[in-house]
Amino acid sequence: MSLAVPAPDWRRALVTGGAGFLGSHLCERLLDSDVEVDCADNLLSGSRDNVAHLEERPGFRFVECDVADPGAVGKLPGPYDVILHFACPASPADYLAHPLQTLDVGSTGTRNALGLAARDGARLLLASTSEVYGDPLVHPQREDYWGNVNPVGPRSVYDESKRFAEALVTAHVRTHGTDAGIVRLFNTYGPRMRAHDGRVVPSFICQALAGDPVTVAGDGSQTRSLCYVDDTVEGVLTVAATRSVRPVNIGGTDEVSVLDLARQIIELTGSRSRICHVERPEDDPERRRPDTTLAHELLGWEPRVPWAEGIKRTIDHFASRTGVPSAGAGRR
Ligand code: UDP
């Protein structure tokens with residue numbers, strides 16, 4: 001399989017956070033494109049299980065390594081042609097449980113990854129986030145919006161870590177001419193999310209499959225725009241294959257309220273779960289939808305997997321793991 005963009009001449013890639021949800025899909029996609037992959041992960045929120053099916057593949061190597069530890073990073077062999085810097089706890093539950101590690105990986109970790117890129121003359125792509133827009137006052141969010149982040153709120157450990165990482169990448173490009181870029185990823189869903197990582201899609205699916213109450217935060221009128229993992233991966237690799245320095249939004253454009261999402265997942269799983277309302281997290285963003293004009297017009301990227309297909313694959317994944325068949329999966 002080749003990449004969607006004119007294939008860059010990559011022989012070996014480093015994926016930091018490669019044993020996480022997105023990282024593991026990236027490793028797999030690169031191997032499928034005949035790129036050798038070093039998957040570096042400290043297994044704080046990632047899992048060796050996510051890459052177990054890749055371990056025997058030629059060109060794949062797992063390295064247990066904390067990217068925030070300069071000694072460990074310096075030992076990564078390389079040389080790398082491309083570095084995808086994805087290491088970071090990414091679900092609110094994870095980054096709230098590991099606030100200092102989250103700040104460390106965005107700051108020291110990004111600095112170390114940039115050092116490797118300089119060592120090898122590699123292209124580096126930083127996985128940034130829609131959270132740099134905070135609770136946005138502009139809708140949809142374009143890349144030139146500066147955001148509305150509470151610097152001392154609970155989410156700041158993630159938001160400011162990623163904002164600082166963006167500043168670091170930009171400073172390296174300006175000061176050292178490093179070939180580096182930034183993708184701002186919006187909510188992505190799909191197989192290999194952790195069942196209990198607290199994020200909305202796996203939480204609702206697992207609750208619905210188990211027949212447990214589906215926990216909608218607040219009245220559920222807050223929105224998110226979801227993108228299936230294969231589309232996100234394609235978007236990431238598309239940006240990685242350019243020499244673009246500008247941050248690029250990658251995300252789904254169909255905006256859905258959390259309450260609607262709960263109703264849809266209950267229906268699709270054929271569940272008898274009821275909806276229960278729980279307290280809304282502090283600083284939970286009200287609305288979120290990317291403006292993806294830049295990705296579309298400059299790079300020709302747009303999401304392709306329809307919601308009905310993506311959510312079916314995701315429900316099937318969790319149903320096969322929990323052993324709870326989804327009535328909806330049979331019906332479809
Ligand atoms: N959410 C919810 N119930 C849950 C988990 C999440 O209502 O069991 C809400 C959460 O408050 C937020 C949205 O779903 O409004 C998306 O949350 P998630 O943690 O998936 O990602 P975020 O976009 O907030 O990083």
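In listed order, ligands and their atoms are each counted from 1. FYI, side chains are in, hydrogens and waters are out, and symmetry mates aren't considered; it's all heavy atoms of this structure.
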Which of the atoms in ligand 1, numbered in the order shown and given with their element, are less than 4.0 Å from a heavy-atom of [X]?
X	result
V216	7 (O)
N187	21 (O), 22 (P), 23 (O)
R199	19 (O), 20 (O)
D284	10 (C), 11 (O), 12 (C), 15 (O), 24 (O)
V258	7 (O), 13 (C), 14 (O)

Is [X] salt-bridged to [Y], cutoff N-O under 4.0 Å?
X	Y	value
D231	R304	no
E64	R48	no
D32	R57	yes
D120	R12	no

Ligand 1-proximal atoms of V201, by part, heavy-atom distance under 4.0 Å: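 For V201, no heavy atom sits under 4.0 Å from ligand 1.
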Part of H277 within contact of ligand 1 (heavy atoms, under 4.0 Å):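 The answer is neither.
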For atom 16 (C) of ligand 1, closest protein heavy-atom neighbour: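 Answer for atom 16 (C) of ligand 1: R224 NE, 3.6 Å.
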Min heavy-atom dist S91 to ligand 1 below 4.0 Å: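 So S91 does not count as touching ligand 1.
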